[in-house]
Amino acid sequence: MRVLAVNPGSSSLKVTLLEGERLFFDHELPLGDSVEEIRSALGQLALWNAEDPPEAIGVRIVHGGSRFSESVQVDGPFLSSLQELVWLAPLHLPIAIRVLSALKRIKNPLPVVAVFDTHFHRTIPEETRRYALPSRWKEKDGVEKYGFHGLSYDYISRRLPDVLQGPLPPKMVAVHWGNGASVCAMKDGRSVETSMGMTPLDGLVMGTRPGSIDPGIVPMLLRKGYALDRIEEDLNHHSGLFALSGGVKDFRKIEEGWKAGDLPARTAFSKAVTSVAMTVGAYAAVLGGLDGLVFSGGVGEHSSTARRAVLEKLAFLGISEDAAANLSGSGDRKISRKGSAVSVWVIRAREDRTIARETEGVLAQTMTDQS
């Protein structure tokens, strides 16, 4: 089945058409502010009149809450249900809803499947999922850890055995490091711990999000008279690297400033690297050891400097970097030396592959149920 995988970001839409391992189309569209702008941009793609047009569409949805734990075909009631979950991911879900609405309005609409980033983490144990908070918060309001970047971690767990030409390392940590960033501890390919929590704000220092902070900060600001909307805006859009560097969220520019000796850039770079290394180290303890470490995402794939800085902090685990492979290699590759106690890899993030596979699976099951 040819699936159009749509991955909404904060400022653009990644659109990929693929069938199995065959890639037909890979494009990035500017993200309009309205449903009509998005519909128009999608409608202008040459895909719809091509020799091999899409047969279905899959869309990445960041958060499904406790209501959606599996990929589902999109209908009218689904959009209404998703609207009720916007408070869980105010940076991401409004965009996803606009994209889904636009896709349902294009000429000759195709079946659309919503694929959730939280799905991969359904295997985390109860003691990990539960916060040490009153149980009524969980029972009434769904306050628990969900985890994100699941599409990326799912792809890594399937791709790495092909690269290794062998089984997946039984105790593995994967780092999806981009503008949004998280870490996942996997045991035999299943998520057992992850750094993002109920929302995508938790965990690592990110482009505009703070990562883990003292929860007492928010009620303190409320008592001082800060508006809730202002606090949410600052946490989602004005924190993280952006705050530490004095207004820069692009990691490439922060790395340039770090090399040039710019103090705010050095602070931002060091804070980001330390948050990754601390989390990987903690997850090695969760797993009872570490066999494999994977870097993925924009920073994880493209910054040899950031990877090296993390690996230097993790040298106590017996990691030995292959400097040449780390510095000048490309594609999916090993960047640790032979004899390193932990194998370290770079794997390209291909969330579109997971989106396509899930979409095909949902529609195949629908056809089976209807027959």
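Numbers for residues simply follow the sequence, beginning at 1.
Connection of F68 to I57 is established within a shared hydrophobic cluster, with ILVMFWY side chains joined at heavy-atom distances below 4.5 Å, either directly or through further cluster members. Both L204 and L241 are members of a single hydrophobic cluster when ILVMFWY side chains are connected at heavy-atom separations under 4.5 Å. The cluster map of Ile, Leu, Val, Met, Phe, Trp and Tyr, joined by side-chain heavy atoms under 4.5 Å apart, puts I97 and L29 in the same cluster. Linking Ile, Leu, Val, Met, Phe, Trp and Tyr whenever their side-chain heavy atoms come within less than 4.5 Å puts V344 and V173 in one cluster.
Inter-residue side-chain proximity for T16 and F25 is flagged as unmet; no heavy-atom pair is nearer than 4.5 Å. Using a 4.5 Å heavy-atom cutoff, the side chains of C184 and I156 are not in contact. Proximity of L287 to E193: side-chain heavy atoms (C-beta onward) are nowhere separated by under 4.5 Å. Annotation: side chain of N326 is in contact with side chain of R308 (closest heavy-atom distance under 4.5 Å). Using a 4.5 Å heavy-atom threshold, the side chains of F242 and D250 count as separate. Side-chain contact between V6 and V99 is present, with heavy atoms from C-beta onward closer than 4.5 Å. For the pair D202/M198, no side-chain contact is recorded, criterion being any heavy-atom separation below 4.5 Å from C-beta on.
Salt bridge absent: E36 and R105 never bring a charged side-chain N and a carboxylate O closer than 4.0 Å. With respect to E351 and K14, no salt bridge is recorded, no charged nitrogen being found less than 4.0 Å from a carboxylate O. A salt bridge links E144 to K138: one of the charged nitrogens lies within less than 4.0 Å of a carboxylate oxygen. Between D154 and R353, no side-chain nitrogen of the basic residue sits less than 4.0 Å from a carboxylate oxygen of the acidic one, so the salt-bridge criterion is not met. R190 and D188 are not joined by a salt bridge, as no carboxylate oxygen comes within less than 4.0 angstrom of a charged side-chain nitrogen. Remark: D262 does not engage R266 in a salt bridge, criterion side-chain N to carboxylate O under 4.0 Å.
In terms of heavy atoms, G64 sits closest to T118 at N-OG1, 3.8 Å. Closest approach of L235 and L201 over heavy atoms only: O-CD2, 3.4 Å. S275 and V205 make their closest contact through OG-N, 3.4 Å (heavy atoms, listed as atom of the first residue, atom of the second, distance). Shortest non-hydrogen contact noted between M186 and S157 is SD-CB, 4.2 Å. In terms of heavy atoms, A349 sits closest to H176 at CB-CE1, 4.2 Å. The two residues P94 and V86 have their closest heavy-atom pair at CG-CG1, 3.8 Å.
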Please step through salt bridge (Lys or Arg N to Asp or Glu O under 4.0 Å) for the pair D332 and R159, ending with a clear verdict. CA-CA 9 Å; D332 297 343; R159 171 60 180 158; 2.8 Å; yes
Show, in sequence, the C-alpha distance, side-chain angles and deciding distance for H121 and S191, and conclude whether the side chain to side chain donor-acceptor pair (under 3.5 Å) test is met. CA-CA 5 Å; H121 302 294; S191 175; 2.8 Å; yes
Could you walk me through whether D322 and S336 pass the side chain to side chain contact (heavy atoms under 4.5 Å, CB included) check? CA-CA 5 Å; D322 183 329; S336 55; 5.8 Å; no
Would V276 and W177 count as a side chain to side chain contact (heavy atoms under 4.5 Å, CB included) if you check the C-alpha gap in whole Å, the side-chain angles of each, and the deciding distance to 0.1 Å? CA-CA 9 Å; V276 172; W177 194 357; 3.9 Å; yes
Please evaluate residues T305 and E255 with respect to the criterion side chain to side chain donor-acceptor pair (under 3.5 Å), reporting the C-alpha separation (whole Å), side-chain torsions for both, the decisive distance (0.1 Å), and the verdict. CA-CA 8 Å; T305 303; E255 186 175 319; 3.1 Å; yes
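A donor-acceptor contact under 3.5 angstrom links the side chains of D369 and Q365, judged on distance only.
With a 4.5 Å cut-off between side-chain heavy atoms of Ile, Leu, Val, Met, Phe, Trp and Tyr, the cluster of V115 takes in M1, V3, V113, L151, I355, V362, L363.
The aromatic ring centroids of F116 and H63 lie 6.0 Å or more from each other. Not less than 6.0 angstrom separates the ring centroid of W137 from the ring centroid of Y131.
The aromatic rings of H149 and Y153 sit perpendicular, their planes meeting at an angle over 60°, well past the 30° parallel limit.
Listed by chain and number, the residues in a side chain to side chain contact (heavy atoms under 4.5 Å, CB included) with L263 are T267 (sequence neighbours excluded).
Other residues, nucleotides and ligands place no more than 12 heavy atoms under 6.0 Å from the NZ atom of K313. Taking a 6.0 Å sphere around CZ of R348, one finds it holds 12 or fewer heavy atoms contributed by other residues, nucleotides or ligands.
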